[in-house]
Amino acid sequence: MPELPEVETTRRGIEPHLLRQTIKKVILRQTRLRWPVPRNLNQKLAGQPVLALQRRGKYLLVTTPRGSLILHLGMSGSIRILPANTPPEKHDHLDIVLTNGQCLRFRDPRRFGAVLFTSADPLQHKLLRHLGPEPLSRAFNGKYLYEESRGRKVAVKLFIMNSKVVVGVGNIYASEALFLAGIHPKRISGRLTLERYDKLARAIKKVLRAAIRQGGTTLRDFTATDGKPGYFRQKLNVYGRAGQPCNVCSTPIRQITLGQRSSYYCPHCQK
DNA sequence: AATCGCGCCTGACGGC
DNA sequence: TGCCGTCAGGCGCGAT
């Protein structure tokens, strides 16, 4: 499922194919995604050159002179670059056809993803305006987490998965980062010390960087733009490993539910 | 203000 | 073989 590393892998994969290319047309086959996809995308984007390909959190931003396309992969979305005449398959909802004969194809079986358009600064869009810092930026560090968490009673795992606190940390990497930092996922966020948040911020950066290096994590359906899966799965310490021995101490990994989501941790290494 | 639970949606999988 | 129930989950939103 796409978290920040998968989205960044996608961004890097499509950027060389899109930058400075011209959009010939937009083919929309399915408008019912998380929010209705605007039907006038072709009118807005046809003839427009692609000026920039950015990522903010898990959102991808395709900027043209007339406005920006805002893409979100939800949890089953993927983007590929293909020859424009490749026949679409069942869940291929959108094509951005380029004048060079290639096209960007958006696929999303579960349709939790999003395709939106804004004529204004996409970073000021309602969905992006209130997002927290990028986890790989300098603004994101232990001091920030410590200060932001004071007075909060929510569990630390849910705290770091809150996109208003920090973007891009989803269920997989939250569990993995907490393991690396030696922190129990249920610890109350407002009671953790600065020292522990220092360790956690470093762990988040470390796990996200490593995952980007590996091309993301493929569990079911994530593939990079070239169709290859991510290889980070082999490096997971706790996620999806309930009952299996901890890589550090051999204690069986435990699975609990936190905020209606599966969490995995080592009861010996994480306190 | 912070937190919690809901609902969107399909595919994989296990049981019968 | 096929059907059915369960689970997976990002994240905005409404309720508390």
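Chain naming here is simple, since letters A, B, ... match the order of the sequence lines and numbering starts at 1 in each. The shown structure was predicted, so the numbers you read here are calculated from the model rather than taken from an experiment.
OP1 or OP2 of dC9(B) has not a single side-chain nitrogen or oxygen of Ser76(A) nearer than 4.0 Å. Contact between the side-chain N/O atoms of Arg32(A) and the OP1/OP2 oxygens of dC9(B) is found at a separation under 4.0 Å. Residue Lys164(A) places no side-chain N or O under 4.0 Å from the OP1 or OP2 atom of dC13(C). Proximity of Tyr59(A) to the phosphate of dG12(C): a side-chain N or O atom is located under 4.0 Å from OP1 or OP2.
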- [ ] Step by step, work out the side chain to side chain contact (heavy atoms under 4.5 Å, CB included) result for Ser189(A) and Tyr197(A).
- [x] CA-CA 9 Å; Ser189(A) 51; Tyr197(A) 272 124; 3.4 Å; yes
Open item on the list: Pair Ser68(A), Thr63(A) - check side chain to side chain donor-acceptor pair (under 3.5 Å), show working.
Closed with: CA-CA 4 Å; Ser68(A) 297; Thr63(A) 296; 2.9 Å; yes
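Within a 6.0 Å sphere centred on CZ of Arg56(A), heavy atoms belonging to other residues, nucleotides or ligands number more than 12.
Backbone-only contact: Arg111(A) has heavy atoms under 4.0 Å from sugar-phosphate atoms and none from a base. As judged by a 4.0 angstrom heavy-atom cut-off over every strand, Leu127(A) is placed among residues touching the sugar-phosphate backbone only.
Of the two residues contacting DNA chain B, namely His91(A) and Arg34(A), the nearest-nucleotide position lying further toward the 5' end is that of Arg34(A).
In summary, Arg12(A) and Glu15(A) do not engage in a salt bridge, as defined by a charged side-chain N under 4.0 Å from a carboxylate O. Contact check on Arg55(A) versus Glu134(A) returns a salt bridge, with a Lys/Arg side-chain nitrogen under 4.0 Å from an Asp/Glu carboxylate oxygen. Ion pairing between a basic and an acidic side chain is recognised when a charged N comes within 4.0 Å of a carboxylate O; Lys25(A) and Asp95(A) show no such pairing.
Note on ring orientation: taking the six-membered ring where Trp is involved, the planes of Tyr265(A) and His184(A) are tilted (angle from 30° to 60°). Note on ring orientation: taking the six-membered ring where Trp is involved, the planes of Tyr59(A) and His72(A) are perpendicular (angle over 60°, cut-offs 30° and 60°).
Checking dG10(C), dG11(B), dG12(C) against the side-chain heavy atoms of Arg261(A) singles out dG10(C) as nearest. Side chain of His72(A), nearest nucleotide from dG10(C), dC9(B), dC13(C): dG10(C). The side chain of Arg110(A) sits closest to dC9(B) out of dC9(B), dG10(C), dC13(C). Taking only side-chain atoms of Gln260(A), from C-beta outward, the nucleotide of dG5(B), dG12(C), dA8(C) with the closest atom is dG5(B).
Remark on the helix from dA2(B)-dT16(C) to dC16(B)-dG2(C): inter-end axis angle 40°, axes from five-pair C1' superpositions, rounded to 10°.
Contacts with DNA chain C (heavy atom under 4.0 Å) in residues 149-160 of chain A: none are found.
To the nearest 0.5 Å, atom CD of residue Glu3(A) and atom CD1 of residue Ile212(A) are 11.5 Å apart.
In this structure, Phe112(A) does not count as stacked on the base of dC11(C) under the 5.5 Å centre distance and 30° plane angle limits.
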